[in-house]
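Everything below concerns the one structure shown next.
Predicted, not measured: the structure shown is a model, and the values here were computed from it. Residue numbers start from 1 in every chain, and the chains themselves are labelled A, B, ... in the order their sequence lines are given, proteins ahead of strands.
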There are 2 protein chains.
Amino acid sequence: MPKVKLQDVADYAQVSKATVSRVLNNHPTVASSIRDRVLNAVQILDYYPDRLARRLRKGTRDVIGVVISDIQNPYFQSVIRAVEDAAYAQQMHIVLCNTDEDTARLNTYLRLLQEENVAGLIVSVTDAEHLELLHALQQNGTPIILIDRLIEGGPMDGVRVDNVDGARQAVQHLLKLGCRRIGILYPPVITGQERLQGYQAALRDAGITPDERLMRVGGYRVESAYHATCELLDDVPDAIFAANSMISLGALRALRVRGLRIPHEVALVGFDDMPWAQDLYVPLTAVAQPTYEIGQEAVRLLLRRISDPNADFRTVTLRTHLVVRESCGIFLQESAST
Amino acid sequence: MPKVKLQDVADYAQVSKATVSRVLNNHPTVASSIRDRVLNAVQILDYYPDRLARRLRKGTRDVIGVVISDIQNPYFQSVIRAVEDAAYAQQMHIVLCNTDEDTARLNTYLRLLQEENVAGLIVSVTDAEHLELLHALQQNGTPIILIDRLIEGGPMDGVRVDNVDGARQAVQHLLKLGCRRIGILYPPVITGQERLQGYQAALRDAGITPDERLMRVGGYRVESAYHATCELLDDVPDAIFAANSMISLGALRALRVRGLRIPHEVALVGFDDMPWAQDLYVPLTAVAQPTYEIGQEAVRLLLRRISDPNADFRTVTLRTHLVVRESCGIFLQESAST
DNA sequence: TTGTAGGCGTTATCAA
DNA sequence: TTGATAACGCCTACAA
């Protein structure tokens with residue numbers, strides 16, 4: 001059964017294609033009797049317009065490309081949800097692309113999205129080396145909003161959180177609780193670097209010289225973080241700052257396997273809150289990123305750039321906040337009662 | 001800066017549009033000298049084809065619509081990941097639609113995807129009432145694969161797990177451990193009904209008459225499940241079967257707040273395993289669905305139907321398996337040592 | 001107020 | 001082997 005097209009509706013309603021089109025796009029200049037006839041024909045024939053043809057003709061853009069590195073990461077899940085919500089509210093929709101931290105896949109998807117004539121991209125790039133590609137895309141007229149991992153060195157819109165400050169807060173909290181040998185496990189990406197900076201700054205502020213052995217790369221995944229934590233534990237830290245949610249889980253697991261009591265023997269603070277953080281083995285104290293707001297803000301910036309391609313480039317920086325739970329918060333109670 | 005189009009490449013390479021098109025689609029019948037000239041022009045001008053125009057002309061379909069009810073649900077996250085992987089492997093991509101259990105939103109998205117000329121849909125429908133709409137879509141020529149919540153009563157492809165059997169296993173496990181007053185919290189959807197059936201069957205097999213007061217709807221979300229659990233606890237169950245992951249979390253939280261020891265006072269088994277289930281307050285015993293396989297299988301069925309629209313309708317049923325952890329597994333050890 | 005006709009960027013058919 | 005041309009389904013000057 002071939003597809004019903006505009007011509008079929010026109011034939012049925014005994015008008016021209018142009019008139020049907022006008023009705024469908026509710027142009028004012030169409031007699032109500034004719035309008036009814038057309039609408040009726042549409043109903044009868046179960047006609048629906050072809051968005052491809054429409055887009056090709058009108059040049060409209062109503063799809064947002066979302067490129068992230070890991071669907072399984074709670075951070076991105078919340079961001080995606082926010083972007084989807086915001087897109088839906090704008091009568092737009094999203095193409096979801098998971099790069100899995102794979103450069104080839106990122107390239108493929110960026111090219112694809114460009115070929116799709118997307119309205120714009122919301123991207124979390126894996127690495128600084130991709131900046132060039134993104135720039136080229138942008139020059140080509142594709143609005144791009146960076147999230148999570150911003151790249152300095154070029155005019156781009158982006159939404160970020162203050163990672164340095166967030167990390168500093170977390171570590172300061174640990175210091176206040178009396179921890180002195182605070183270890184850090186960070187992911188090998190720019191945000192990880194920033195969190196490492198915050199960590200070091202907090203230590204220095206407290207007159208402590210950062211110890212190389214306590215600063216380790218935790219990888220991207222729970223598994224690698226688990227192993228990294230095991231190694232870190234050889235240097236007997238009294239607290240661990242896990243610089244993203246996957247690492248938090250890996251660390252939690254390692255501490256559990258080692259039979260170390262949290263927070264009594266080792267305190268734990270994570271970066272990234274998770275919906276079920278309070279239900280973990282030990283409820284996790286964490287630096288919460290405003291993930292939903294990040295997604296919303298990203299879409300807002302995107303729409304802004306779409307409507308005004310020459311607007312000044314803007315980076316929105318959001319603040320994190322520390323959610324204190326038992327994985328180190330119990331110290332607070334002890335010190336408070338002391 | 002206007003977009004580079006086929007004509008521009010043709011002009012630059014001093015050939016016709018047709019020839020450029022042939023090169024781009026690597027037709028055999030094109031002289032290699034000309035081919036090189038064209039490829040060079042493409043390179044120089046940074047030309048990339050317009051997928052919209054190409055699709056319109058060729059009638060090809062390379063996007064898969066994925067319609068699910070809740071991005072935040074771990075079950076769907078894993079399925080989405082699998083679908084995305086499989087799509088990528090097929091040079092296709094996905095439009096992700098989150099319905100949030102909202103009928104209006106479902107309708108909007110289904111219409112949208114139809115207008116987008118998607119290759120097919122992978123859908124988790126909220127309710128049986130949507131069957132009609134899906135049927136209409138299917139009649140219209142859109143391949144549809146149902147996941148999670150299958151609807152009997154119409155010829156449709158689908159991937160499902162054996163919910164009745166999975167639930168039965170979970171409850172049998174509890175029975176074997178000596179539990180007698182086993183409560184169930186289930187979601188108000190068809191899968192919830194099936195799991196309820198399995199629960200009841202297991203009880204009857206053990207000579208226990210299901211008690212109405214121990215069977216409660218847990219809602220869709222953690223919050224509602226939390227409250228439902230609190231009510232259920234008034235009827236002092238010695239075990240709880242939480243029929244999806246959100247409910248598991250809600251139940252876990254309620255038990256914790258009430259200060260009930262798991263599994264000593266109340267044992268807990270969930271449906272749906274989560275990557276971090278072992279890191280929970282009490283590691284959760286759960287009926288694990290093969291989520292990744294579900295996603296893969298869904299795409300496989302979809303491709304099958306696309307290539308052969310008249311193939312027999314097929315429902316693939318996958319098996320679950322019980323992952324025993326401490327939230328009730330400790331009983332096993334006790335009874336084993338007894 | 002309605003209809004005619006051309007074009008969005010590509011591919012496929014036909015000649016040459 | 002290559003080029004001109006129509007067509008994919010729709011929208012929009014422009015003319016009537």
Nearest-angstrom distance from the residue atom CZ of A:R37 to C1' of C:dG3 = 13 Å

Protein-nucleotide distance (B:R54, atom CZ; C:dT11, atom C1'), rounded to Å | 9 Å

Rounded distance (Å) that lies between atom P of D:dT1 and atom CD of B:Q14 = 21 Å

Near B:E115 CD, under 6.0 Å, is it more than 12 heavy atoms from other residues, nucleotides or ligands?
-> yes

Rounded to whole angstrom units, what separation is found between the CG atom of A:L56 and the P atom of D:dC10?
-> 12 Å

Across the strands shown, which category fits B:T19 at heavy-atom distances under 4.0 angstrom: base, sugar-phosphate, nothing?
-> sugar-phosphate

Every protein N/O lying under 3.5 Å from an N/O of nucleotides 12-16 of chain C:
| residue | atom | partner | partner atom | Å |
| --- | --- | --- | --- | --- |
| C:dA12 | O4' | B:R57 | NH2 | 3.1 |

Residue met sooner reading DNA chain D from 5', once A:K5 and B:A31 are mapped to nucleotides = B:A31

Donor-acceptor pair, B:Q289 side chain versus B:V161 backbone, under 3.5 Å?
-> no

Under 4.0 Å between any heavy atoms, over every strand shown, what does A:L52 touch: base, sugar-phosphate, or nothing? Just pick one.
-> nothing

Hey, which of these two, A:A53 or A:S16, hits DNA chain C nearer its 5' end, going by closest nucleotide?
-> A:S16

Between A:E116 and B:H93: side-chain donor-acceptor atoms closer than 3.5 Å = yes

Please give, in whole Å, the distance from D:dG3 P to B:L6 CG?
-> 12 Å

Rounded distance in Å - CG (B:D8) to C1' (C:dG9) = 11 Å

Nearest-Å distance for atom pair CD/C1', residues B:Q7 and D:dG3 = 12 Å

Nearest-Å distance, CZ (B:R61) to P (C:dT10)?
-> 20 Å

Between A:L24 and B:S32, the residue closer to the 5' end of DNA chain D by nearest nucleotide is B:S32

Atom CG of A:L39 and atom CG of A:N26: how far apart are they, to the nearest 0.5 Å?
-> 9.0 Å

Polar side chain donor-acceptor pair, A:N73 to A:Q77, under 3.5 angstrom | no

Main-chain N/O of B:A13 paired with B:R37 side-chain donor or acceptor, under 3.5 Å = yes

B:Y47 side-chain N/O to C:dT10 phosphate OP1/OP2 under 4.0 Å = yes

Look only at the side chain of A:D70 and the backbone of A:Q72, and say whether a donor-acceptor pair between them is shorter than 3.5 Å.
-> yes

